[in-house]
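Structure record follows, encoded as structure tokens.
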Amino acid sequence: MRIMRAAFASRFDAADPLAALTVGEQPEPSLPDDDWVTVRVTASSLNHHDLWSLRGVGLRAEQLPMILGCDAAGVDPDGNEVVVYPVVPTPDDPRGMSILSEHRPGTLAERVAVPRSNLLPLPAGLAATDAACLPTAWLTAWRMLTAKGRVDEAEAVLVQGAGGGVATAAVALAVAMGRRVYATSRDAAKRTRIAGLGATAVEPGARLPERVDVVIETVGAATFDHSLKSAAPGARIVVSGATAGHEPKVNLRRVFAMQLEILGTSMGTPGELTELLAFCAERGVRPEVDSVVPFSRVADAFARLHSGDVFGKVVVDHTA
Ligand SMILES: NC(=O)c1ccc[n+]([C@@H]2O[C@H](COP(=O)([O-])OP(=O)(O)OC[C@H]3O[C@@H](n4cnc5c(N)ncnc54)[C@H](OP(=O)(O)O)[C@@H]3O)[C@@H](O)[C@H]2O)c1
């Protein structure tokens with residue numbers, strides 16, 4: 001059995017997820033089927049999902065140790081540079097699928113195993129460290145705006161919690177698509193930065209100059225009422241996360257009177273990731289990168305995400 005370096009959950013700690021993180025040696029992932037291959041990871045990025053895993057959300061104790069990480073760019077066995085689509089078939093999950101690090105070892109390691117069909121070519125001109133931001137947070141934002149939010153029918157978009165990975169992606173993509181974009185943040189410095197991406201930045205709960213057709217919700221309880229109040233008749237409120245609580249009070253009168261659609265979504269399809277990669281490569285859109293941390297300091301990358309201070313994606317460079 002070959003050994004590799006990896007960042008993994010060795011236990012759960014709901015109060016202090018960083019204490020549950022171990023950086024050390026793990027066996028290389030096995031290949032469950034003939035059509036699976038091993039990719040040498042060159043770059044990965046962190047998601048809030050990794051902190052949830054360390055807290056024990058979505059994992060069972062018997063699955064430990066679990067290598068973390070959903071996102072990767074790397075090199076396939078034939079030497080091609082690839083982006084890894086992170087949703088893998090999982091017969092023993094009720095959904096029939098799972099995201100890397102939920103059942104199968106994740107990307108925060110020297111190598112990751114996935115079905116060959118999960119590998120997409122790295123587009124020319126896109127750095128591996130940028131591509132590694134796209135398969136989870138950016139793919140989620142892409143689907144929230146396109147298939148779910150029907151942004152092509154929209155004039156204005158509201159993005160709640162402007163500093164997060166999904167939120168910065170949604171702002172950058174919606175601006176590139178030519179929409180008027182409003183973004184909320186509790187933090188003045190983040191509001192300045194999101195304005196730099198082309199959004200009108202406002203404080204959480206602030207009245208907008210117009211009602212919007214699409215709301216991008218990843219914050220949850222803290223912002224949901226504002227999302228409802230800011231929605232134009234027939235608007236789509238698309239939810240892919242609930243960082244600040246998943247049981248908001250919902251004014252149903254507003255939902256039916258304004259004929260709002262509240263839509264849940266998770267990740268996206270390989271075809272949507274292909275579209276997103278092409279959109280970024282062709283339109284010059286690049287992910288907002290908070291920081292690039294060498295794998296040798298991966299624990300610092302987790303601490304940075306946990307601090308809540310991030311703006312954009314925390315990337316891990318596996319070549320350093
Ligand atoms: N379903 C999927 O496929 C999918 C994919 C990726 C992520 N997600 C989920 O989406 C959520 C966002 O993840 P992320 O990694 O993009 O970002 P994140 O690190 O969870 O942060 C999102 C934003 O939430 C805001 N926030 C946090 N606590 C808050 C509070 N108490 N009150 C108001 N705002 C608060 C912050 O905004 P400000 O500091 O700017 O105010 C922060 O920038 C997570 O829950 C994640 O699990 C889901």
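Counting starts at 1 for both ligands and their atoms, following the listed order. Just so it is clear, the structure is predicted and the values come from calculations on it, not from any experiment.
- Here Ala222 has side-chain heavy atoms under 4.0 Å from ligand 1, and that is the only part of it that gets that close.
- Of the protein's heavy atoms, Met267 N, 2.7 Å lies nearest to atom 3 (O) of ligand 1.
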Between Trp142 and Leu134, does the side-chain contact (heavy atoms from CB on, under 4.5 Å) criterion hold? Intermediate values first, please. CA-CA 9 Å; Trp142 176 263; Leu134 303 181; over 6 Å; no
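- Backbone and side-chain nitrogen or oxygen atoms of Gly308 are examined, and none is located within less than 3.5 angstrom of a nitrogen or oxygen of ligand 1.
- Between the side chains of Ser44 and Thr107, no donor-acceptor pair is found at a separation under 3.5 Å.
- Glu28 and Thr38 are not linked by any side-chain donor-acceptor pair at a separation below 3.5 angstrom, with hydrogens and angles left out of the test.
- Closest protein heavy atom to atom 34 (N) of ligand 1: Val219 CG1, 3.3 Å.
- Counting only heavy atoms from C-beta outward, the side chains of Arg95 and Thr90 never approach each other to under 4.5 Å.
- For Thr265, every heavy-atom contact with ligand 1 shorter than 4.0 Å involves the backbone, none the side chain.
- Ile194 contributes atom CD1, which lies 15.0 Å from atom OH of Tyr182 (distance to the nearest 0.5 angstrom).
- Heavy-atom separations between Asp187 and ligand 1 are all 4.0 Å or longer.
- Looking only at heavy atoms of the protein, atom 45 (O) of ligand 1 is closest to Thr243 OG1, 2.9 Å.
- No more than 12 heavy atoms of other residues, nucleotides or ligands lie within 6.0 Å of CZ in Arg40, so this atom counts as exposed by the packing criterion.
- Polar contact with ligand 1: absent for Ala167 (N/O pair, distance under 3.5 Å).
- In this structure, atom 47 (O) of ligand 1 lies nearest to the protein heavy atom Trp52 NE1, 3.2 Å.
- Summarising the geometry, atom CD belonging to Glu217 is positioned 8.0 Å from atom CG belonging to Leu158; distances are rounded to the nearest 0.5 Å.
- At least one N or O atom of His48 sits closer than 3.5 Å to an N or O atom of ligand 1.
- When each atom of ligand 1 is checked for a heavy atom of Thr218 under 4.0 Å away, the hits are 10 (O), 11 (C), 12 (C).
- By the 4.0 Å heavy-atom criterion, Pro204 is excluded from the residues contacting ligand 1.
- Taken to the nearest 0.5 Å, the OG1 atom of Thr129 stands 12.5 Å off from the NZ atom of Lys313.
- Taking every heavy atom of Val166 and a limit of under 4.0 angstrom, the matching atoms of ligand 1 come to 6 (C), 7 (C), 16 (O).
- In this structure, Thr223 OG1 and Lys229 NZ are separated by 12.0 Å, a value rounded to the nearest 0.5 Å.
- Taking the ring pair (Phe, Tyr, Trp, His ring centres under 6.0 Å) definition, one finds that His48 meets it with Trp52, sequence neighbours left out.
- At a heavy-atom distance under 4.0 Å, only side-chain atoms of Thr140, from C-beta outward, approach ligand 1.
- Counting only non-hydrogen atoms, the option in Ser240, Ala221, Gly245 that gets closest to atom 4 (C) of ligand 1 is Ser240.
- Residue contacts with ligand 1: Thr136 is placed with no nitrogen or oxygen under 3.5 Å of a nitrogen or oxygen of the ligand (distance criterion only).
- Between Ser185 and ligand 1, a contact under 3.5 Å exists for at least one N or O pair.
- Looking at atom 17 (O) of ligand 1, its nearest protein heavy atom turns out to be Gly164 CA, 3.4 Å.
- Distance from atom 14 (P) of ligand 1 to its nearest protein heavy atom, with residue and atom name: Gly165 N, 3.7 Å.
- A search for ring pair (Phe, Tyr, Trp, His ring centres under 6.0 Å) contacts involving Phe12 returns nothing, not counting sequence neighbours.
- Considering backbone and side-chain N/O atoms, Ala137 never comes within less than 3.5 Å of an N/O atom of ligand 1.
- Counting heavy atoms closer than 4.0 Å to ligand 1, residue Arg186 contributes atoms from both its backbone and its side chain.
- Cluster annotation: Val41 and Val88 are assigned to the same hydrophobic cluster (Ile/Leu/Val/Met/Phe/Trp/Tyr, side-chain heavy-atom contacts under 4.5 Å, transitive).
- Here the shortest heavy-atom distance to atom 23 (C) of ligand 1, taken over Ala244, Gly161, Ala242, Gly163, belongs to Gly161.
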Applying side-chain contact (heavy atoms from CB on, under 4.5 Å), run through Gln63 and His103 and close with a yes or a no. CA-CA 8 Å; Gln63 293 177 283; His103 283 262; 4.0 Å; yes
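- With respect to Arg297 and Asp300, a salt bridge is recorded, a charged nitrogen being found less than 4.0 Å from a carboxylate O.
- Which parts of ligand 1 touch Ala162 is read off a 4.0 Å heavy-atom cut-off, strictly below it: atoms 40 (O).
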